[in-house]
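What's counted below: heavy atoms across the whole structure, side chains too, no hydrogens, waters or symmetry copies. A quick note: this is a predicted structure, and the numbers were derived from the prediction, not measured.
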Amino acid sequence: MRVRTVLKGLGIAVVAAVVAVAAILMSVDVNQYRGVIEEQAEAATGRDLSIGGPIELSISLSPAVVLQDVAFANAPWGSRPEMVTARRLEAQVELLPLLSGEIKVRRLVLVGPDVLLEVNEDGVGNWALDLPASDGAAETAADEAATAGRQALPDLQLVRVEDAVVVYNDRSTGEKRSLSLAALEAAAQGWNAPLAVQGSGRLDDLSFSLAGTLGPLSDLMNTATVYPVVMKVEAAGATVNVDGSIEAPEEARGIDLGVAVSVPEPAATARAFNAAAPADLPALRIDGRLSDTQEGGWSVRNLAASLGDTSLAGALTVTLDGPRPKVTGTLSSPLIDLAALLPSEGGEGDAAGAGQSADMPSRLFADTPLPLAGLKAADANVELAVSRLVLPDGMALADVTGKVSLSNGRLMVAPASARAGGGTVRAEVTLDASSEAAPAVALTLRTEDVMLGRVLAEVGQGDLIQEGPADVRLDLTGRGGSVAAIMGSLDGAAVVSVGQGTINNDAVRSWTQDIALRLIDSLNPFASKDKYTVLQCGVVNLSLQNGVATSDRGIAVQTPKFHVTGSGTVNLGTETLDMAVKTGVREGAGLATANLANLVRLRGPLTDPTLAVDPLGAARTAVSAGAAIASGGLSLLAEQVIERTAEPEDVCAVALGRKPAPAPAQEQQAAPAQPSVPDNPLDAVKGMGENLGEGLKGLFGR
């Protein structure tokens, strides 16, 4: 017998067998098995499975079974009778592989599934099946059957879900989520072939789409094989790419994924998540390697994040096995530009200060509660190094280093150091919100040889001062749940000392809103005569108690021609000040002036102080000083508010406490050229004060 004849006969036999099977199936009413299917499902799950529509069977080399109006019962305590419903379930199976006991599902389609996942008040999910108890032998047999079943699972080639809704409702926490799928499709050439996945839908109100490749379905059953994952997800204008592997997908363990996040328009993306962000934020990019840890946490290696020109790199680990999540790691950056990232608070003309009274804030320190509750949500221990940090006002810090630690609501930044204006800055900050008491704040700050001129140049006022090395010493503590409360409770000391420099008098009058510089200018008897003022030294030495800063001759400015000294208080709680200021001029400086010591008083709210004559020290010359303001302006005031000295005292050394203050000088008589004092000096002072207010209306940007 020829081989060809044998093969031909076998082929005819196979075709005949298929035709016979098809003829048998065609003659069988599959609906008669509805009850059997429902009974078997209930026996396996403990819940009812109902098929409301007809069961259809199409016969071909790939017969298809169609079930309509399928429903799977919910838990007895559920909010509705059905846990899952579906309008249509279609399965198409290849016929010929069945002859060898192999099940190949060419297509599995689920149309209109409606899935309710809910958790009751005891934390039990409705997907937990109440199966009947069995003895040990039965459980062993069941485990063996399950293992054998996994090895003999159908070979799925295409799974498609259309028009699906999944609702999650947790009654124990109140969390509710909703997922709708317009379409989700997974296709593979076989059980051992990679699985291509794509789909789109909405998570709550957020639209998304996804596409990627997963490992073969057979790898899910093989614990010795690492499961590969390549996926791209797009939502709210952002794109997330994932590329890596998972050792145990069923347990979500052994994760090692490269993650790349791209957000071209962060403001639009933030709005999609009901969050606020500056409208002009540049594009955001985050890359890193995400993996789980043996302690049950997560780590990010090779972290690289950028937001415009700002970038950050390093590694972070989140540990979850303690009383609170804890973040540890190191971060570094060549540039963090807060001036470009944070929203601006005013227009380009704000720096001028003139005519801006309507825009000046009613308070300097906000009284809104600080978000301190979040300090107890996690612990942290992170080291940070930034080559260049640009602050919101444009000031730049170089070589910034710091260690941030957070433990049960106690935040500490220590030690921290930076370079600014050619000098060094060192600081330690503590914010303790660990107890029920008002949060406690402590600040220690030191600077050395920071050039004030360079700092002002970085914030756009480079013409004000040249040089001017500044040393700052702050030792402050306070309590409160808002900035205003903390400022109103400060205790400690604040000392600022400035060395030799040059002040541009024209620039001070034209640009700065700084109270100290404007005060120096207004009390400078040479401001209208000299373009520049040579600064020998300047000091602000304040002692703070319960939010009130006090200075006893602790404010001083010294130049080769004159000096200014001041005493008084600044109440940070009420945001007011009351300072008495006098000017001394060297003998032979070219001014014929009277001795009117302690004549000027700076007082009122910090946002809008006024400069007035002190009636207790100036009654005899009130009329002449008032006339000076009315007729000549600030320079004439300065020529009146002075004290002549043969040699200027070292007012800076006195302000710093290095020399004792000189004894009060004997009261001098007014110069003969001064007008006589009126019968009621206080009335004259009142009228002079009104003239003074008009003459100084523009002094502080008013």
Pairing of [X] and [Y] as salt bridge, 4.0 angstrom limit:
X    : Y    : value
D256 : R301 : yes
D287 : R285 : yes
E90  : R107 : yes

Smallest separation among heavy atoms of [X] and [Y], with atom names:
X    : Y    : result
L129 : F72  : CD2-CZ, 4.4 Å
A188 : A193 : CB-O, 4.0 Å
D243 : R289 : O-NH1, 3.6 Å

Interatomic distance, [X] atom [atom1] to [Y] atom [atom2] [nearest 0.5 angstrom]:
X    : Y    : atom1 : atom2 : result
L110 : R87  : CG    : CZ    : 10.0 Å
Y168 : E118 : OH    : CD    : 10.5 Å
K176 : D204 : NZ    : CG    : 12.0 Å
M231 : L257 : CE    : CG    : 10.5 Å
R80  : N126 : CZ    : CG    : 9.0 Å
L181 : R160 : CG    : CZ    : 11.0 Å

Does some side-chain heavy atom of [Y] sit less than 4.5 Å from a side-chain heavy atom of [X]?
X    : Y    : result
E162 : R88  : no
T401 : V386 : no
V226 : E247 : yes
T213 : P194 : yes
L108 : L158 : no
Y227 : V229 : yes
D114 : V84  : no
L116 : S79  : yes

Item to complete: Let me see the working for L384 and T330 under side chain to side chain contact (heavy atoms under 4.5 Å, CB included), right down to the final yes or no.
Response: CA-CA 6 Å; L384 179 66; T330 58; over 6 Å; no

Fill in: With N274 via side-chain hydrogen bond (donor to acceptor under 3.5 Å, both in side chains) - residues at least two apart
none

Practice prompt. Using the test salt bridge (charged side-chain N to carboxylate O under 4.0 Å, His left out), find all partners of E39 that sit at least two apart in sequence or belong to another chain.
Written response: none

Under the 3.5 angstrom rule, does the side chain of [X] hit a backbone N or O of [Y] as a donor-acceptor pair?
X    : Y    : answer
N120 : D122 : yes
S333 : L335 : yes
T293 : G297 : yes
D292 : W298 : no
T310 : D337 : yes

Item to complete: Would you please test S50 and D48 for side-chain hydrogen bond (donor to acceptor under 3.5 Å, both in side chains) and show each step?
Response: CA-CA 6 Å; S50 63; D48 292 338; over 6 Å; no

Worksheet item: Could you go step by step and tell me if S207 and R202 meet the side chain to side chain contact (heavy atoms under 4.5 Å, CB included) rule?
Response: CA-CA 4 Å; S207 299; R202 296 179 67 87; 2.6 Å; yes

Worksheet item: Side chains of S434 and D432: do they bring a donor and an acceptor to under 3.5 Å?
Response: yes

Item to complete: Go through the side-chain N and O atoms of E175 and N169 and say whether any donor and acceptor fall under 3.5 Å apart.
Response: no

Listed pairs under 3.5 Å, donor-acceptor, residues 403-414 side chains, sequence neighbours left out:
none

Pairs of donor and acceptor atoms involving the side chains of residues 315-329, under 3.5 Å and at least two apart or interchain, shall be tabulated with distances.
{"from": "R324", "atom 1": "NE", "to": "D379", "atom 2": "OD1", "distance (Å)": "3.0"}
{"from": "R324", "atom 1": "NE", "to": "D379", "atom 2": "OD2", "distance (Å)": "3.3"}
{"from": "R324", "atom 1": "NH2", "to": "D379", "atom 2": "OD2", "distance (Å)": "3.0"}

Discussion item. Just checking Q294: does its CD atom have more than 12 heavy atoms from other residues, nucleotides or ligands closer to it than 6.0 angstrom?
Written reply: no

Discussion item. Is it true that, when you exclude D205 itself, more than 12 heavy atoms of the residues, nucleotides or ligands shown sit nearer than 6.0 Å to its CG?
Written reply: no

Fill in: Criterion side chain to side chain contact (heavy atoms under 4.5 Å, CB included) on K232 and S209, from CA distance to verdict
CA-CA 8 Å; K232 177 181 180 181; S209 64; over 6 Å; no

Would you list the atom pairs, donor with acceptor, under 3.5 Å between side chains in residues 258-272 and any protein atom, with sequence neighbours excluded?
{"from": "T269", "atom 1": "OG1", "to": "A236", "atom 2": "O", "distance (Å)": "2.8"}
{"from": "T269", "atom 1": "OG1", "to": "E265", "atom 2": "O", "distance (Å)": "3.3"}

Worksheet item: Can you check side chain to side chain contact (heavy atoms under 4.5 Å, CB included) on L312 and L307, steps first, answer last?
Response: CA-CA 9 Å; L312 200 64; L307 188 61; over 6 Å; no

Worksheet item: Mind checking what makes side chain to side chain contact (heavy atoms under 4.5 Å, CB included) contact with V166, not counting sequence neighbours?
Response: V115, L117, L179

Item to complete: Report the C-alpha separation of D170 and R177 in whole Å, then their side-chain angles, then the decisive distance to 0.1 Å, and conclude whether the salt bridge (Lys or Arg N to Asp or Glu O under 4.0 Å) test is met.
Response: CA-CA 9 Å; D170 191 336; R177 306 301 299 270; over 6 Å; no

